[in-house]
Amino acid sequence: MNTENFISQIVASTVEALYGAVDQSQLQIQKTRKEFEGDYTLVTFPLLKMSRKSPEATATEIGEHIVANNPQISGFNVIKGFLNLSIAPSFWADRFAEVVANDNFGQAEPTGRTIMIEYSSPNTNKPLHLGHIRNNLLGYSVAQILKANGHNVIKVNLVNDRGIHICKSMLAWQLYGGGETPQSSGMKGDHLVGKYYVEFDKHYKEQIKELVAGGMSEDDAKKQAPIMLQAQEMLRKWEAKEPEVYELWQTMNGWVYDGFDVTYKALGVDFDKVYYESQTYLLGKSLVQDGLDKGVFFRKEDNSVWIDLAADGLDQKLLLRGDGTSVYMTQDLGTALSRFEENKLDDMIYVVGNEQNYHFQVLKLVLKKLGYDWSDNIYHLSYGMVELPEGKMKSREGTVVDADDLIADMVDTAREMSNELGKLDGCSDEEANAICNMVGLGALKYFILKVDPKKTMLFDPRESIDFNGNTGPFIQYTHARICSILRKADEAGIDYSSHACTELLPEEIEIIKSLTEFPSIVNSAAESFSPSVIAAYAYDLAKTFNGYYHDHSILREEDVEKRRMRVMLASQVARVINRAMKLLGIDVPQRM
């Protein structure tokens, strides 16, 4: 039973009995603020025209009627025009029994909706970095949350495997690589290719400097630098599928994909389907022709194709270059159409940084003008950049925080801090390694996902592994602590599968309230595409339980029924923490 719906029904039937038919919009019900006594508060001001009484008198009349006719409401108080209702402990005992009995608690019934979510979208000229980590974790978590809301979810990756940036790495490897391979160098393939992307930039800058010293303007030098002209020639050869260039492209991309797979596995993210830009970049050309035929697009003198969006408050947008080659927009138009048609999608979500806000605004608008009403169901999950205490990252200059290095550092830091705090005492090497891996990655994922996606965030690795405060390890440790309680209960032969305790402490009611809110929290996180909603909930639940555990004995409680109830309560907190953290892609340990 949804508690808020239950309260709404009681209030609606009471107002109707006292004053006649009521519009649902007039019933303003919210959770009671912590400084006041009560669970839910009704704002009576919108009802005064019906009651024809003062706010206090109206609130009192409604409160008296509710308490007299509903045994689930134990009392009320009135503060000015606000009616605070208190729910009886027996009501919460019944809700707790429902939570325990529901094996699929937090998982909604199937909706029949199919949603595709695209995330990661790396370039094959460099390894994944900290910005990619936020993208991957966000995409994967939102996919898990949407699944928990009963949707059929398709997770996809669009790999940017073509273009001038790819040719830069290839050319630098040809010129300066000496035949180096991942095997001969001992480097992961994506790192090796990224090394030559940085190498290209270094030589390019040197050549620009020389040309400028020889009297050329900087703009001309950037265009005329020999290494840049060679890269452009290589791109033309790739588009013509010249065997030597095409084979090198396949080989080096193969190195990168092997490297990416290792990183994805370490991060715990996956995809149902991978698209490659080299296979999709021509898709939109027929759509461009369709737009020309319909008069939606226009052609300029240089043969390029554009759309004028001035009437929509935007500007002119290029859709096809004069030489017939496609731009990102061409590809995205075609890919969107094929995805919606092939998969019968209800919604399409793109997880892409906020620097692409304008691009997706245009994409939706162009599709709409071409007559595709499903464009309304495209959503750009725009997220802010990740910054470090030292400042911004730059791939070309090799100053990015590499994803693999960061993962390794997080696991090392987790080991160091766990040893300091004695968390690994008595663990075998295998157990200690598994715990450090779980805690290091849990810290990384939680620290990134607890921030609202729209916000730019500052990542501090050491702060993220603190075992106290709003961190992944704090929640993981709470889960491990409860697992220890449950093991001891089993060893002591405590059967907590059933209990008859209806006497609940206020702190126990607080935990039960929190547990019952989990399904609506999962729903809220899906509506806002924000894992931070789940993260905040998991932290609050863990914090509430720790406060309760500090003040009240569980296994030493002498009353048998109370002890059973408390062990069961702990087990349900562990179950919900586990499910909430799984939605964030985070594993929780059994012991720590």
Side-chain angles (χ1 to χ4, degrees), residues 1-11 13-14 29-32 34 36-42 63 66-77 84-107 478 482 485-486 489-490 494-522 537-538 540-580:
M1 181 195 297
N2 183 306
T3 307
E4 291 185 17
N5 289 347
F6 173 72
I7 296 294
S8 292
Q9 286 167 12
I10 284 178
V11 170
S13 60
T14 300
I29 301 167
Q30 57 210 30
K31 284 182 190 166
T32 303
K34 288 194 172 167
F36 299 111
E37 185 188 341
D39 295 297
Y40 285 89
T41 298
L42 171 69
I66 286 175
V67 170
N69 293 282
N70 297 279
Q72 303 93 335
I73 307 300
S74 57
F76 73 93
N77 66 81
N84 301 319
L85 299 168
S86 296
I87 300 176
S90 59
F91 174 89
W92 294 116
D94 290 345
R95 296 296 73 72
F96 182 53
E98 287 173 7
V99 171
V100 172
N102 185 351
D103 290 338
N104 295 316
F105 187 63
Q107 174 62 51
T478 302
I482 295 172
I485 294 168
L486 299 180
D490 290 338
I494 298 170
D495 177 12
Y496 54 92
S497 57
S498 64
H499 62 271
C501 177
T502 52
E503 279 184 47
L504 294 169
L505 296 170
E507 298 96 321
E508 289 162 348
I509 289 174
E510 201 57 38
I511 292 172
I512 292 167
K513 269 191 210 175
S514 187
L515 291 173
T516 62
E517 286 167 4
F518 182 53
S520 65
I521 290 289
V522 174
Y537 170 81
D540 284 342
L541 178 59
K543 191 170 64 167
T544 303
F545 177 82
N546 277 309
Y548 169 70
Y549 178 74
H550 180 269
D551 294 339
H552 301 283
S553 177
I554 293 178
L555 297 176
R556 292 200 188 94
E557 169 56 51
E558 291 179 1
D559 185 299
V560 174
E561 289 304 331
K562 280 186 181 176
R563 185 169 64 230
R564 281 181 178 171
M565 190 281 301
R566 288 181 181 184
V567 175
M568 177 56 85
L569 187 62
S571 78
Q572 293 306 307
V573 170
R575 178 168 78 129
V576 171
I577 283 177
N578 187 358
R579 291 195 173 181

Q. How close do Ile482 and Ala570 get, heavy atom to heavy atom, and via which atoms?
A. CG2-O, 3.1 Å
Q: Specify the closest pair of heavy atoms between Ala88 and Pro71, including all atoms of both residues, with the distance to one decimal.
A: CB-O, 3.8 Å
Starting at [atom1] of [X], measure out to [atom2] of [Y] and round the result to the nearest 0.5 Å.
X: Met565; Y: Leu504; atom1: CE; atom2: CG; value: 5.5 Å
X: Gln572; Y: Phe518; atom1: CD; atom2: CZ; value: 12.0 Å
X: Glu517; Y: Ile512; atom1: CD; atom2: CD1; value: 12.0 Å

Is [Y] close to [X] at the side-chain level, that is, under 4.5 Å between some pair of heavy atoms?
X: Tyr549; Y: Thr478; value: no
X: Lys31; Y: Tyr40; value: yes
X: Ile66; Y: Ile10; value: yes
X: Val99; Y: Arg575; value: yes
X: Ile7; Y: Ile87; value: yes
X: Glu510; Y: Tyr548; value: no
X: Leu85; Y: Asp39; value: no
X: Glu98; Y: Thr516; value: no

Donor-acceptor pair, [X] side chain versus [Y] backbone, under 3.5 Å?
X: Ser74; Y: Ser86; answer: yes
X: Arg563; Y: Ile494; answer: no
X: Asn104; Y: Gln107; answer: no
X: Arg564; Y: Asp495; answer: yes
X: Ser571; Y: Met568; answer: yes
X: Tyr496; Y: Leu569; answer: no
X: Asn546; Y: Ala542; answer: yes

(Q) With side-chain contact (heavy atoms from CB on, under 4.5 Å) as the criterion, how do Arg566 and Leu505 come out once you've worked through the C-alpha distance, each side chain's angles and the decisive distance to 0.1 Å? (A) CA-CA 11 Å; Arg566 288 181 181 184; Leu505 296 170; 3.3 Å; yes
Q: Could you check Thr3 against Phe91 for side-chain contact (heavy atoms from CB on, under 4.5 Å), going step by step and ending with a plain yes or no?
A: CA-CA 10 Å; Thr3 307; Phe91 174 89; 3.8 Å; yes
**Q.** Distance-only side-chain donor-acceptor flag, Asn84 / Thr41, under 3.5 Å
**A.** yes
Q.
Using the rule side-chain contact (heavy atoms from CB on, under 4.5 Å), only one of Glu503, Glu508, His552 pairs with Lys562; which is it?
A. Glu503
Q: Run the numbers on Ile577 and Leu541 for side-chain contact (heavy atoms from CB on, under 4.5 Å), then give the verdict.
A: CA-CA 8 Å; Ile577 283 177; Leu541 178 59; 3.9 Å; yes
(Q) Does Gln30 have more than 12 heavy atoms from other residues, nucleotides or ligands lying within 6.0 Å of its CD? (A) yes
